[in-house]
Amino acid sequence: MKINVLSIFPEMFEGVLGHSILNKAREKGAVEYSLVNFREYADNRHKTVDDYPYGGGAGMVLKPQPIFDAVDDLVKNAEGKKPRVILMCPQGERYTQRKAEELAQENHLIFICGHYEGYDERIREHLVTDEISIGDYVLTGGELGAMVVIDSVVRLLPGVLGKEESHIQDSFSTGLLEHPHYTRPADFRGMKVPDVLVSGNHKHIDEWRMRESLRRTFERRPDLLETFQLPEMQKKWLEEFKKQ
């Protein structure tokens, strides 16, 4: 996968992309990052990328010209399928694991990180393919949101994680929250690991994990169950939880 990030503060990404899974993915050849300061595309001598909004109002608005030209430059050198152009924006669709899985199927992603009051509407209407928000709050710029999306997508690429099944059981990947985890020692300060996990009976372990995954979802995120299709066994478990 090729990932381009358009930002007037590209140095913000250097630490994030240079460590942990994101850096390992680059070293393995699973992903290629490119940081683009779209200020370099400004067509004025002062390299300004924002201006006052028509009609008045507080704040400054990002001009269309530098961002359009930067994306055009990246797209003209793209091979194969047209890249997905993603606008990080509090007005965008709320980001989910399903969206991460969808984006992980692409070969080329371009992220636009804004600042100031907002974007010229023509960027939104005629340039981008996706608008994404990581939550119902406003950040200073789109950089932090883009980092979140990039991390969640890159870890899904083939060969990035040590075990391919590692992300399959993640919270939200199955539609439910992930089950509890335990490791050694089996008895820590009198707090013991559930007996089933040290029993060696993998059928019972799998059943316990499914049950606890459902229980945790019911207790912490019951909204996820409103549209989730439960098998008959899980429906019975859910009724038991409700009675408890």
To the nearest 0.5 angstrom, please state how far the [atom1] atom of [X] sits from the [atom2] atom of [Y].
{"X": "Y95", "Y": "S152", "atom1": "OH", "atom2": "OG", "value": "2.5 Å"}
{"X": "I134", "Y": "L144", "atom1": "CD1", "atom2": "CG", "value": "7.0 Å"}
{"X": "I3", "Y": "S34", "atom1": "CD1", "atom2": "OG", "value": "10.5 Å"}
{"X": "L139", "Y": "H115", "atom1": "CG", "atom2": "NE2", "value": "9.5 Å"}
{"X": "R216", "Y": "L176", "atom1": "CZ", "atom2": "CG", "value": "12.5 Å"}
{"X": "R84", "Y": "I110", "atom1": "CZ", "atom2": "CD1", "value": "12.0 Å"}

Check L62, D69, V5 against F38 for a side chain to side chain contact (heavy atoms under 4.5 Å, CB included) and give me the one that passes.
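Running side chain to side chain contact (heavy atoms under 4.5 Å, CB included) over L62, D69, V5 with F38 returns exactly one hit, L62.
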May I ask whether [X] and [Y] are part of the same hydrophobic cluster, defined by side-chain heavy atoms of I, L, V, M, F, W, Y residues being less than 4.5 angstrom apart, directly or through others?
{"X": "I205", "Y": "W237", "result": "no"}
{"X": "L230", "Y": "W208", "result": "no"}
{"X": "V61", "Y": "I112", "result": "no"}
{"X": "V138", "Y": "L87", "result": "no"}
{"X": "F188", "Y": "V193", "result": "no"}

Examine distances only and state if a side-chain atom of [X] and a backbone atom of [Y] form a donor-acceptor pair shorter than 3.5 Å.
{"X": "S133", "Y": "E93", "result": "no"}
{"X": "Q65", "Y": "Y41", "result": "yes"}
{"X": "T217", "Y": "L177", "result": "yes"}
{"X": "S199", "Y": "V196", "result": "yes"}
{"X": "Y33", "Y": "L17", "result": "no"}
{"X": "R39", "Y": "K47", "result": "yes"}

Any idea which heavy atoms bring [X] and [Y] closest together, and the distance?
{"X": "T48", "Y": "A42", "value": "O-CB, 3.6 Å"}
{"X": "N37", "Y": "I8", "value": "OD1-CA, 3.5 Å"}
{"X": "L157", "Y": "M1", "value": "CD2-CE, 3.9 Å"}
{"X": "E131", "Y": "C89", "value": "OE1-SG, 4.1 Å"}
{"X": "E143", "Y": "G114", "value": "OE1-O, 4.2 Å"}
{"X": "L22", "Y": "D151", "value": "CD2-CA, 3.7 Å"}

Derivation of the side-chain contact (heavy atoms from CB on, under 4.5 Å) call for L225 and L214
CA-CA 9 Å; L225 298 175; L214 180 62; 3.9 Å; yes
Report the C-alpha separation of I86 and L103 in whole Å, then their side-chain angles, then the decisive distance to 0.1 Å, and conclude whether the side-chain contact (heavy atoms from CB on, under 4.5 Å) test is met.
CA-CA 10 Å; I86 301 167; L103 295 177; 4.0 Å; yes
Is any side-chain heavy atom of [Y] closer than 4.5 Å to one of [X]?
{"X": "E226", "Y": "D223", "result": "yes"}
{"X": "Q244", "Y": "E239", "result": "no"}
{"X": "L6", "Y": "L35", "result": "no"}
{"X": "H179", "Y": "H181", "result": "yes"}
{"X": "K192", "Y": "Y182", "result": "no"}
{"X": "M12", "Y": "M147", "result": "yes"}
{"X": "K24", "Y": "V160", "result": "no"}
{"X": "E240", "Y": "R215", "result": "no"}

Got a salt bridge between [X] and [Y], using NZ or NE/NH1/NH2 to carboxylate O under 4.0 Å?
{"X": "K235", "Y": "E232", "result": "yes"}
{"X": "E106", "Y": "K81", "result": "yes"}
{"X": "D50", "Y": "K63", "result": "no"}
{"X": "E121", "Y": "R124", "result": "yes"}
{"X": "E125", "Y": "R122", "result": "no"}
{"X": "K99", "Y": "E102", "result": "yes"}

Within the supplied structure, the quantity of interest is the number of heavy atoms (other residues, nucleotides, ligands) at a distance under 6.0 Å from [X] [atom1]; does it exceed 12?
{"X": "Y54", "atom1": "OH", "result": "no"}
{"X": "N44", "atom1": "CG", "result": "yes"}
{"X": "H19", "atom1": "NE2", "result": "no"}
{"X": "Y52", "atom1": "OH", "result": "no"}
{"X": "Q229", "atom1": "CD", "result": "no"}
{"X": "N107", "atom1": "CG", "result": "no"}
{"X": "K28", "atom1": "NZ", "result": "yes"}

side-chain contact (heavy atoms from CB on, under 4.5 Å) between I132 and M88, worked out: CA-CA 5 Å; I132 290 178; M88 301 306 304; 4.0 Å; yes
Check: H204 ring centroid to H202 ring centroid under 6.0 Å |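 They do not qualify: ring centres at least 6.0 Å apart.
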Suppose we call two aromatic rings close when their centres sit under 6.0 Å apart. Are F68 and H126 close by that rule?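 Not close enough - the centres of the two rings lie 6.0 Å or further apart.
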Under the side-chain contact (heavy atoms from CB on, under 4.5 Å) criterion, do Q97 and L156 qualify, and how do the steps go?
CA-CA 10 Å; Q97 184 67 18; L156 298 177; 3.9 Å; yes
Check: Residues in salt bridge (charged side-chain N to carboxylate O under 4.0 Å, His left out) with E27, at least two apart?
Finding: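 Salt bridge (charged side-chain N to carboxylate O under 4.0 Å, His left out) check on E27 returns nothing, list empty.
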message: Set out, in order, the CA-CA distance, both residues' side-chain angles and the distance that settles salt bridge (charged side-chain N to carboxylate O under 4.0 Å, His left out) for R209 and E212, then state yes or no.
response: CA-CA 5 Å; R209 286 174 170 169; E212 293 306 308; over 6 Å; no
